[in-house]
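As a basis for the values below, the full set of heavy atoms in this structure was taken, side chains included, without hydrogen atoms, waters or symmetry mates.
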Amino acid sequence: IVPIANVLLDSKYDEYAAFANGTWHASPRFDLTVGGRLAHNKQSAHEVLTSPIIPNVTADDNSSETVFTYSVAPRYELSKHASIYARVASGYRPGGPNVIPVGPGSELVPPTYKADRLTNWELGVKAEAPDGHLWSAELAAYHIDWRDIQLFEIFGAGTANAVGINANGGKARVNGLEFSGALRPLPGLTLSTNGAYTDGKLKDNTTPEVGGLAGDPLPWVPKWSGAIHADYEFPLSTDIGGFVGTSVSYIGKRN
């Protein structure tokens, strides 16, 4: 048996970051937390392909990016056991080098792809029982604007040299609602649940190679998900504790 080709891909990722955050207590019930992070990453990929039937290939790809992210989060205490908060924050995923395919047209493959970035607006409420133990609950709604979203692209589709690479699409948006709660009816027993509704869609048409259209749902994102947990802690001796628990989780269909 003669292999078609042997491929060695050696890659390296380095990131350096500086970050800071602080909280201003404007009043006994109101505070404001602000944070920022400046990061720089460098990536390299060295690809070697050896084959008895096609010419050997060596490729070196490099990328580097500097990204600033931030968070602004005001919070107001309605009482000692309930508060509302808002948050505006940005985030990103690093880009990087692509694996270069072999064959005609490989020179057209983008050697790198960019970071995708997002801005998240969130509004939520947190509350707990007056004693802080019997129950607790959280509810949050959010909206995300996504730019240069990273998607999987089929380069050379329909040919013998088709290969998957990372690519950037246009814009996307996500609207969501999340909740969680816990009930502690007996000492050691905790019943908890969490769930989420997520509506994520592309806002722009992608390239034909990606195959996405404005209004398409985001890949791998279920509209509904949730879980129910029951946990019980009990003493086995004065020095040893026991634990038993069970969970049921649900993830809706994903494209």
Side-chain angles (χ1 to χ4, degrees), residues 9-23 32-47 60-75 85-100 109-124 140-155 164-178 196-207 209-223 225 254-255:
L9 180 64
D10 185 24
S11 61
K12 183 180 181 181
Y13 179 94
D14 289 314
E15 183 175 44
Y16 308 92
F19 57 91
N21 61 72
T23 300
L32 177 67
T33 300
V34 178
R37 182 177 188 268
L38 181 65
H40 177 76
N41 71 74
K42 297 170 60 179
Q43 299 183 63
S44 61
H46 178 64
E47 180 182 355
D60 290 288
D61 294 312
N62 299 280
S63 70
S64 63
E65 292 178 302
T66 300
V67 180
F68 176 75
T69 54
Y70 63 88
S71 174
V72 180
R75 184 180 69 97
Y85 71 92
R87 191 164 78 104
V88 180
S90 62
Y92 84 105
R93 287 185 301 180
N98 270 316
V99 177
I100 305 301
V109 174
T112 62
Y113 58 101
K114 299 186 298 182
D116 54 355
R117 310 188 186 202
L118 59 80
T119 304
N120 174 74
W121 287 266
E122 184 177 342
L123 182 64
Y142 65 88
H143 170 79
I144 294 175
D145 279 330
W146 209 333
R147 304 180 301 281
D148 297 323
I149 182 171
Q150 293 177 8
L151 297 169
F152 190 68
E153 178 175 307
I154 304 298
F155 184 84
I165 63 172
N166 292 303
N168 294 97
K171 297 179 180 179
R173 65 100 177 125
V174 183
N175 295 321
L177 188 68
E178 296 179 338
Y197 169 78
T198 309
D199 180 27
K201 293 182 178 180
L202 293 174
K203 295 177 68 176
D204 296 330
N205 294 339
T206 68
T207 62
E209 290 79 12
V210 174
L213 300 175
D216 283 352
L218 294 183
W220 307 112
V221 179
K223 276 204 168 183
S225 61
R254 295 172 283 182
N255 293 281

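In terms of the side chain to side chain donor-acceptor pair (under 3.5 Å) criterion, residue partners of R173 (sequence neighbours excluded) are, by chain and number, D199. Listed by chain and residue number, Y142, I144, W146, T198, L218 satisfy the side-chain contact (heavy atoms from CB on, under 4.5 Å) test with V174 (two or more places apart in sequence, or in another chain). Residues passing the side chain to side chain donor-acceptor pair (under 3.5 Å) test with H143, sequence neighbours excluded: D145, N175. Looking at residues two or more places apart in sequence or on another chain, you find a salt bridge (charged side-chain N to carboxylate O under 4.0 Å, His left out) between D116 and R93. Partners of E122 according to the salt bridge (charged side-chain N to carboxylate O under 4.0 Å, His left out) rule, which considers only residues two or more places apart in sequence or in another chain, are R87. Among residues two or more places apart in sequence or in another chain, the side-chain contact (heavy atoms from CB on, under 4.5 Å) test is passed with T69 by R37, V67, S90, Y92. Among residues two or more places apart in sequence or in another chain, the side-chain contact (heavy atoms from CB on, under 4.5 Å) test is passed with D14 by K12, Y16. Taking T33 as the reference, T23 meet the side chain to side chain donor-acceptor pair (under 3.5 Å) condition, with sequence neighbours excluded. N205 pairs by the side-chain contact (heavy atoms from CB on, under 4.5 Å) definition with L213, A214, not counting sequence neighbours. Residues meeting the ring pair (Phe, Tyr, Trp, His ring centres under 6.0 Å) test with Y197, sequence neighbours left out: W224. Evaluation of the side chain to side chain donor-acceptor pair (under 3.5 Å) rule for R117 yields no partner, not counting sequence neighbours.
Atom OH of Y13 sits in a crowded spot, with more than 12 heavy atoms from other residues, nucleotides or ligands closer than 6.0 Å.
Side-chain atoms of E153 never come within 3.5 Å of backbone atoms of G169 as a donor-acceptor pair (strictly under, hydrogens ignored).
Between A196 and E178, the shortest heavy-atom contact is CB-CG, 4.0 Å. Here the closest non-hydrogen pair linking Q43 and P97 is OE1-CD, 3.7 Å. Closest heavy-atom contact between S44 and N62: CB-OD1, 3.2 Å. Closest non-hydrogen pair, E65 versus A115, comes out as OE2-N, 2.9 Å.
Residue N255 holds its CG atom at 10.0 Å from NZ of K223, rounded to the nearest 0.5 Å. One distance of note links CG of D61 with CD of E47; it measures 7.5 Å at 0.5 Å rounding. Remark: L202 CG to I149 CD1 distance equals 6.0 Å, nearest 0.5 Å. Between atom NE2 of residue H46 and atom CG of residue D60 there is a gap of 5.5 Å, rounded to the nearest 0.5 Å.
Residues N168 and Q150 have side chains in contact (heavy-atom distance under 4.5 Å, counting atoms from C-beta outward).
The one candidate from V34, V88, L38, N21 that meets the side chain to side chain contact (heavy atoms under 4.5 Å, CB included) condition with Y70 is V88.
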